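Only one structure is covered here, and it is reproduced in the block below.
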Amino acid sequence: MEDLLKVSNLNTEFKSDYGSKPALNNISFNIKEGEVLALVGESGSGKTVTSLSIMGLLPNNASVENGEIKLLSKKNKEINILNLSDEKHNEIRGNDISMVFQEPMTCLNPTMTVGEQILEVIIRHKKISKINAKKEMIGLLELVEIPDPIQRSIEYPHQLSGGMRQRIMIAIALACSPKLIIADEPTSALDVTIQAQLLELLKKLKNSIVTKTSILFITHDLGIVKELADRVIVMYQGKIVEEGNVLDVFENPKHSYTNNLIQSLPEFKIEKRKQNKIIKKETNNKNIILSIKNLYKEFPVDKGIFKQSSESVKAVQNVSLNVRQNKILGLVGESGSGKSTLGKTIIKLIEPTSGKINFKNQDISNFNRQKMQNIRQKIQMIFQDPFASLNPRKNILDTLMEPILVHKLMKKNEATEYIKQIIHDVGLPIESLIRFPHEFSGGQRQRIGIARALVLKPEFIIADEPVSALDVSIQAQVLNLLETIKETYNLTMIFISHDLSVIEYFCDEVAVMYLGHIVEMAPVNELFSNPKHSYTKALLSAVPKVKAKKTNKILIKGDIPSPINPPSGCVFRTRCPNPTHDCKEGNIQMGLIEVSPNHWVDQCCVNCH
Amino acid sequence: MNFFLKKLLIVIPTLYIAWTVVFVTLNIIPGDPVNLMLGGRPASDEVRENVRKNLGLDKPVLERYGSFLVNATKGDLGKSYLTRQPVTKMIKENMMPTIELSIGGLIFGVFFGVLFGIFAGTKPNSIRDTISMIIALCGISLPSFWIGMMLIYIFGTTLGWVPIVGDGFVSLILPSISVGLFFAGGMARLTRSSLVDVLNQDYIRTARSKGISKYNIILKHSLRNAMIPPVTLLGIQFGLLITGAVITEEVFARPGLGQLLLQAILAKDIPLVQALVVYMTAVYIFLNLVVDFTYGIIDPRIRLERKN
């Protein structure tokens, strides 16, 4: 196969008032025709800058200093992209090279129908009549498996789900049968189930029509690399540190950074733990510290002044669970499953609609604000976005001091010493106390978030996606920290995450949520080795893993239904891969049954399969 | 219920409140309209009583308030104390010149405002951006009487290109520029900042990745998305113009609602002031509706929100 794209000695710099900072340092690589090349690395490693350099879409403060990018164009002519004028480059963009971006929510123009946005690129480059272009557009929508393409084509982006929008982006990228498609984290913003659907689509496309099209796939997810790519390039701080066949690199990484990256994956850490025989004890003799019974939360839908609302968002439905002392309960599910709402309802940041919350043998569900004040000191939260949840105008000392003073835990000078101890425990230098949130990296900020939760000497912590915004290696560090902290401070935790491998690594027990219901609940080893509910099975198989052998995936169709009008009976029946007749008709009510000790599954799935 | 029907229902209480506020204020501020009518001439008590009776001012306040409301719903807003003509007729006579001037100002303002906005916004922090924004700032901050006089001096008297007074389209040019400059300045600044914001959006990068030309990116992808803030400003400023531009009318010696209102207030001509307030409130409400309607045309997301 011939080389389609040759990048040699590429140097790209970011300029600011303080001088220039190199983003790419002598990058050289080739992409062959029909090849899928993965570009992996952590944030800031230069993956996206590489792709934008090729596309000529660098932001104004960045520029290519020197180097060559040679492309074999559709007319089989070799052109150096960097020497092109903007007009000439525009001839290539969308035609020879096209791109799929990360954020499907913001990447489509909100004021144009999706059909228009696909048509535009066809007419721009193919110079064909509008009628013919329309036919091609409908064909493309069918190709990316959008149901009812004629109707969809006259809809606007906000009327489509995230997965659908990303399919539209793929259709736009495919429109002119380009030689190269650059996909920059195309599935990172989506749920695992939707991600699995899209990866399946990409695989299908790769194996069928677009045989001569190469894909440059940018991702931080090594599992996806394993699943999709032929060759992989590992980037670190603007340099290529490793390059090779996917299998070779994963089995036998040459560079220590690659090795670290692989070793910090939760799946490898779990394996290591198994090898060392540190299997988590599944003891149940511990006290139940938090117990929830039949908890409901429904948000009325706003209908305006004149109408009483009759509809509601059914966010949490009939949830019952127990958390034992010193254990970590994981809550997992797609976005919109009600995990976060459940977390916030437990400490009554959101008032529950009905149900009982028992914390240390006290029913707190009817507590007023004043009584809750004492409970809130005992139950603390860690949030997903540490930057957004820290006040940018307060230094760290003040941020950590405030809750102590509010709860009158200790005097100010005493508190300063105590805070120093905590900041040391979360692995930050004492000097950070006088600094402000913007001066820290993402991982450090999450450490501050943890410190803030710890200062009140809580007994219980609800962590809402605490590591989702972090890179894999940082994620591993923060998880380690949380584990140590849990032991030293004798904590019990609810850990909310959409990432199954993190849950498997970190939690003792897992509850799987779908549309406000818990559909399965079991100790972690039991759930991951012996999942019973079809939704759990689908979730587990959707996660791309580095180690996994090729198995048939259980794909679930479509998107999560609206929580305003959930399906009757079993809420999962509309997406269930193998529903029975009763199930389809919605005849089976929901409710958990204990199938083996401590393993609870929704009765619909027990009866069906 | 339909979104616009709801909005229309709010018109009635709004008008009612506006009238009441005007009625109360005009009745509590000191000064007797009878004195103003007599123009300071000494008059016997008998004459004063007669005038008072003629104007209907002898009746108790509440009765006057009540009859004002009743008549207003019939479309009769009373007669001017000063000229004894129906106030609706007086407003009608002064309305056309004001509308002409407003539309002239609007066209000038939108055209140059959006033009300078695009010019500056497509290349932020460049020389052309700085120059455009300085001109816009001048448009906002230079007082319109000064601009009016300068325009008359340069284009009217010195160069003699356009007549200063008179009827017809040509004589509208200078006053339109005079009121439109302020308009254009605001539009330019808002269009610029909104455009800079939109051009940094992800979907613009998508459009560029499709190979769409610079010209089409601005025209097809950016402008529509950037238009919501300028349209809001447009509604407010057009409202200001159409209720009368006193200073410009004065400088160019044009009739208009601004002049009429000024005279009515000075003469404490309660029926005329009330009628003008009714007119202005109605105009503002109407323009607000137009702006709301335009939002829906610009952004399909707003349209959808209203349907639900």
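Lettering of chains follows the sequences in order, A, B, ..., and the numbering in each one begins at 1. Just so you know, these numbers come straight off a predicted model, no measurement behind them.
Both the backbone and the side chain of A:Asn109 come within less than 4.5 Å of a heavy atom in chain B. When heavy atoms are compared at a cutoff of 4.5 Å, A:Asn60 does not approach chain B at all. When heavy atoms are compared at a cutoff of 4.5 Å, A:Met105 does not approach chain B at all. Neither the backbone nor the side chain of B:Ile204 comes within contact range of chain A; no heavy atoms are under 4.5 Å apart. A:His125 touches chain B through its side chain: at least one heavy atom from C-beta onward sits under 4.5 Å away, while N, CA, C and O do not. Interface residue A:Leu108: only backbone heavy atoms are found under 4.5 Å from chain B.
Between the side chain of A:Gln166 and the main chain of A:Phe101, a donor-acceptor pair closer than 3.5 Å is present. Between the side chain of A:Lys74 and the main chain of A:Asn95, a donor-acceptor pair closer than 3.5 Å is present.
For residues 105-134 of chain B, every residue pair satisfying the side-chain hydrogen bond (donor to acceptor under 3.5 Å, both in side chains) rule, not counting sequence neighbours, is listed here: B:Thr122-B:Arg128, B:Asp129-B:Arg192.
Counting heavy-atom pairs closer than 4.5 Å to chain B, the top-ranked of the candidates A:Cys107, A:Ser98, A:Cys176 is A:Cys107. Note on A:Ile172, A:Thr106, A:Val121: by heavy-atom pairs under 4.5 Å with chain B, the leading option is A:Thr106. Counting heavy-atom pairs closer than 4.5 Å to chain A, the top residue among B:Asn216, B:Val198, B:Ile212, B:Asn200 is B:Ile212. Ranked by non-hydrogen atom pairs under 4.5 Å with chain B, the options A:Glu87, A:His89, A:Arg124, A:Met55 are led by A:Arg124.
More than 12 heavy atoms of other residues, nucleotides or ligands lie within 6.0 Å of NZ in A:Lys15, so this atom counts as buried by the packing criterion. In B:Phe286, the CZ atom is not crowded: 12 or fewer heavy atoms of neighbouring residues, nucleotides or ligands sit closer than 6.0 Å.
Between A:Asp86 and A:Arg93 there is a salt bridge, since a side-chain N of the basic residue sits under 4.0 Å from a carboxylate O of the acidic one. Salt bridge annotation for A:Arg152-A:Glu155: present, with a cationic side-chain nitrogen under 4.0 angstrom from a carboxylate oxygen.
The aromatic rings of B:Phe112 and B:Phe108 are tilted relative to each other, their planes meeting at an angle between 30° and 60°.
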Pairs under 3.5 angstrom only: tabulate donor-acceptor contacts from the side chains of residues 273-284 of chain B to other protein residues two or more places apart or in another chain.
unit_1, atom_1, unit_2, atom_2, d
B:Tyr279, OH, B:Ile242, O, 3.2
B:Thr281, OG1, B:Val277, O, 2.5
B:Tyr284, OH, B:Leu240, N, 3.3

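The side-chain contact (heavy atoms from CB on, under 4.5 Å) test with A:Lys47 singles out one residue from A:Thr219, A:Ile218, A:Leu52, and that residue is A:Ile218.
Of all residues spanning residues 113-120 of chain A, those with a heavy atom less than 4.5 Å away from chain B's heavy atoms are A:Gln117, A:Glu120, arranged by number.
Under the rule for a ring pair (Phe, Tyr, Trp, His ring centres under 6.0 Å), B:Phe111 has no partner lying at least two apart in sequence or in another chain.
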